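Notes follow once the structure below has been shown.
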Number of protein chains: 2
Amino acid sequence: MGPVPAAASPAPRRGRGRPSSPVLTTDGITAAAVALLEERGQDGLTMAALARRLGVAPSALYNHVATKQDVLRAVQDAVNRGIDCSGFGRLPWEEALAAWARSYRDAYERHPALVPVMAVTPVRSAPHTVAMYERVSSGLLSAGWPAHLVTNVVVAVESFALGSALDTQAPADIFDPGDLAPSAPGFTTANAARPAGDTARAAFELGLAALLAGLRDLLRSPS
Amino acid sequence: MGPVPAAASPAPRRGRGRPSSPVLTTDGITAAAVALLEERGQDGLTMAALARRLGVAPSALYNHVATKQDVLRAVQDAVNRGIDCSGFGRLPWEEALAAWARSYRDAYERHPALVPVMAVTPVRSAPHTVAMYERVSSGLLSAGWPAHLVTNVVVAVESFALGSALDTQAPADIFDPGDLAPSAPGFTTANAARPAGDTARAAFELGLAALLAGLRDLLRSPS
DNA sequence: ACCTGAACACCGTTCAAGT
DNA sequence: ACCTGAACACCGTTCAAGT
């Protein structure tokens, strides 16, 4: 699968039957879906909207993908392609893992609708996703992590990154208890003391630092 | 809000106009929605199915809730009510936090459809959710955590628990690279070495141990 | 093989009409 | 105030008909 070309917006076809050369490709559909998701958010990605952007009838899409879920899987692989794994083999594993986690969270912050898809979609037939896991896994193995722990480390960091990506979608007042404040003094105190700014990022960085420190300990003193 | 009563399945009403006493209550709708979600999964919760279970026309629901999102919010508060916060004030904070995280993950493992809802829904008018955060926040404050860090600690643990809850929904073969195995030797090695059994739980426990160890360090040596 | 256009079974939600 | 039943604007998906 080559680089995903930018989606054009061709004029609607007027002919009735089979076109002389195919109008749609899987890569084109994927690119249009990514663009739609980025421009219009998760509810903006409908098969009808996708077809319109591609200048085609909705039913035409089903000559190239079996279901909408197929489209989401392809989009997810395109998103994973953009995640930075370049630190592995070049930097100490803690730094490579931290950079991967940050990039992972940022990618899914832009595509929160894909978080449940990512958690559940098999990697086979998702080449960029497999390539990502290969870099991470072999990086951890080379750094001295025992093979039987590597996937659990990857999944733990991934779960944290995906949960943190969802957290970026929270409204600023998510923890405002409203009328219930009098019944929650400790909660209210803690919220008032939380520094303003990018709170989601602050929570992510705190958790990431703790997680990495704990993993470092674990690797040093195996149980 | 009292305990949510088990949802009965009343015979459909036959009369045409306003009933002599209301047939629906918000609590009843919530309980039926929880049951539906548990029995039929996330796609099983439709306004039509909810109405049928309550012996009512779909449009009748809109006298009690404004949108389906309202129903999900109420369900989420009911789910949060079942999360165990009992350790705070009784056990060392690390143990209380660990028990909370485990219970949190388990609750959302049963309701993965609510994970994106939980990450984004304001707590006001969700009394059990506020009560949960109050126990956790005041527990951490009493244990000596600086107020400005408490909410970030809570959010970090929560993000990890929610991400891990999603991970429980992954199929067993999610990491099977299929045809792509030759291009991913390290990934394949790591997967082969991963112990069989409840792999999602193993990853969660590894990450939780690391996260808590890191938080312990952080509390001891503040930056 | 790969498109169009009509059709299907759903979805959440609105609203007039009934009591 | 709180229900019914009809209706609306959508949704993903199927399929015969065209070239």
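This structure is a prediction, so every number in the text was calculated from the model and none was measured. These numbers come from the heavy atoms of this one structure, side chains and all, not from hydrogens, waters or symmetry mates.
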Using modelled atom types only, decide if a donor and an acceptor are shared between the side chain of A/Gln169 and the backbone of A/Glu109 within a distance under 3.5 Å.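 It does hold such a pair.
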In whole angstroms, how far is the [atom2] atom of [N] from the [atom1] atom of [X]?
| X | N | atom1 | atom2 | result |
| --- | --- | --- | --- | --- |
| B/Ile29 | D/dC2 | CD1 | P | 11 Å |
| A/Leu61 | D/dC15 | CG | C1' | 16 Å |
| B/Leu54 | D/dC3 | CG | P | 10 Å |
| B/Asn63 | C/dC15 | CG | P | 13 Å |
| A/Leu45 | D/dC11 | CG | P | 11 Å |
| A/Asp43 | C/dG12 | CG | P | 13 Å |
| B/Lys68 | C/dT14 | NZ | C1' | 18 Å |
| A/Tyr62 | C/dT4 | OH | P | 14 Å |

Among the nucleotides [options], which one has an atom lying closest to any side-chain atom of [X]?
| X | options | answer |
| --- | --- | --- |
| A/Thr67 | C/dC3, D/dC3, D/dT13 | D/dT13 |
| A/Val56 | C/dC3, D/dT14, D/dC3 | C/dC3 |
| B/Met47 | C/dC2, C/dT13, D/dT13 | C/dT13 |
| B/Val23 | C/dT13, D/dC3, C/dT4 | D/dC3 |
| B/Ala48 | D/dG5, C/dC11, D/dC2 | C/dC11 |

Hey, is B/Arg102 close enough to B/Asp84 for a salt bridge, meaning N to O under 4.0 Å?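 B/Asp84 and B/Arg102: not salt-bridged.
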Return no unless some side-chain N or O of B/His64 is found under 4.0 Å from OP1 or OP2 of D/dC3.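 Yes.
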Below 3.5 Å, does any donor atom in the side chain of A/Thr46 face an acceptor in the base of D/dG12, or the other way round?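 Answer is no: no donor-acceptor pair is held.
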Write down the atom of A/Ala32, the atom of A/Leu54, and the distance for their closest heavy-atom approach.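 A/Ala32 and A/Leu54 have their closest heavy atoms at CB-CD2, 3.8 Å.
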Do A/Tyr133 and A/Glu158 meet the criterion of a side-chain donor-acceptor pair at a distance under 3.5 Å?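 A donor-acceptor contact under 3.5 Å links the two side chains.
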Going by atom types only, do A/Asn80 and A/His128 share a side-chain donor-acceptor pair under 3.5 Å?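 There is no such pair between these side chains.
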Identity of whatever pairs with C/dT14 - Watson-Crick or G-U, under 3.5 angstrom: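 D/dA6 - that is the nucleotide pairing with C/dT14, both distances being under 3.5 Å.
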